[in-house]
Number of protein chains: 2
Amino acid sequence: MVVDTLSPDEVDRLFQALADGTRRDILTRALTGEHSVTALAARYEMSFAAVQKHVAVLERASLIAKARHGREQLVRANPAAIERARALLQSYEALWRHRSATMDAILAADRP
Amino acid sequence: MVVDTLSPDEVDRLFQALADGTRRDILTRALTGEHSVTALAARYEMSFAAVQKHVAVLERASLIAKARHGREQLVRANPAAIERARALLQSYEALWRHRSATMDAILAADRP
DNA sequence: CGTATCTACAACCATTTGGTTGCACGTTAC
DNA sequence: GTAACGTGCAACCAAATGGTTGTAGATACG
């Protein structure tokens, strides 16, 4: 509920990570189960390194986390980050409904 | 109904547009009132052309719309686009909850 | 042991992004 | 009519992005 203090950079990384179809697809798979990086990479036409970079972007945005399991790195989603993004958008809508300036979780995030 | 037909490209543009602090700031201003492009540009350090480009990015993402009013172009927010993005994130969370429910069911089935 | 597998990362390349300046054009004001 | 204003757009530039190949370090397997 509380849109806790997300720095503008964190918000940037969140939405930036979501602005790519391959990354959204990886996120979907991570939401429904755990997969190793190679298992994920096998699903796409691009190279393993490319998928690895996408996973890194999602990780920097805190949308996923990796857990070592032997020689594999298991990717699992972090629904809390998605919830933060959703709450942020919801606060934009609230801003619209109120149309008066005192409701600013986002402003707090954008103006430190 | 909720996750209506948004093409991947449209989703890309949506999140891409949101992945910049200046654009989010412009969006909040547009949500709370109408402003001309020059009025918006006056708020930021960057050049008018730079702000104009940000406005164009928001417009391509359907997050705002412009309406000519004499020689000015008035910028107003389109909350429906924000709602689409929010619903999209919510569907991701639903995916997660479904997975959790499935795992609960499996665990319950495993219990003797 | 040696070998195959999984991951990480560097170097490189093409395209996009976010910024600049300058110019053109329609509209308003004097 | 001329001057000022608001906008759109092109050309340019540095940095970031999304992809590639290649190399190297751990870890599992036969």
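Chain naming here is simple, since letters A, B, ... match the order of the sequence lines and numbering starts at 1 in each.
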Residues in side-chain hydrogen bond (donor to acceptor under 3.5 Å, both in side chains) contact with [X], at least two apart in sequence or another chain:
{"X": "B:Ser47", "answer": "none"}
{"X": "B:Ser36", "answer": "B:Thr38"}
{"X": "B:Glu72", "answer": "none"}
{"X": "B:Gln90", "answer": "B:Arg86"}

Please identify each residue that fulfils side chain to side chain contact (heavy atoms under 4.5 Å, CB included) with A:Thr32, with sequence neighbours left out.
B:Leu95
Please work out which residues in residues 48-64 of chain B have a non-hydrogen atom less than 4.0 Å from an atom of DNA chain C and list them by number.
B:Ala49, B:Ala50, B:Lys53, B:His54
What parts of residues 30-42 of chain A reach DNA chain C, counting only heavy atoms under 4.0 Å away?
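Heavy-atom contacts with DNA chain C come from A:Ser36, A:Val37, A:Thr38.
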For A:Gln73 and C:dT5, give me the distance from atom CD to atom C1', rounded to whole Å.
14 Å
Reading nucleotides 24-30 of chain D 5' to 3', which nucleotides get B (base under 4.0 Å from a protein heavy atom), which S (sugar-phosphate only), which -?
---BS--
Less than 4.0 Å between a side-chain N and a carboxylate O, is that true for B:Asp12 and A:Arg24?
yes
Quick one: is C:dA8 close enough that its OP1 or OP2 comes under 4.0 Å of any side-chain N or O from A:Lys66?
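Affirmative; the distance criterion is met.
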Looking only at side-chain N and O atoms, does B:Ser47 come under 4.0 Å of OP1 or OP2 in C:dG19?
no
Donor-acceptor contacts, no H, no angles, side chain residues 53-68 of chain A, under 3.5 Å, sequence neighbours left out:
| unit_1 | atom_1 | unit_2 | atom_2 | d |
| --- | --- | --- | --- | --- |
| A:His54 | ND1 | A:Arg23 | NH1 | 3.2 |
| A:Arg68 | NH1 | A:Arg71 | O | 3.4 |

According to salt bridge (charged side-chain N to carboxylate O under 4.0 Å, His left out), who are the partners of A:Asp20, at least two apart in sequence or on a separate chain?
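Result, salt bridge (charged side-chain N to carboxylate O under 4.0 Å, His left out) vs A:Asp20: none returned.
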Going only through I, L, V, M, F, W and Y residues with side-chain contacts under 4.5 Å, is there a path from B:Leu31 to B:Leu74?
no
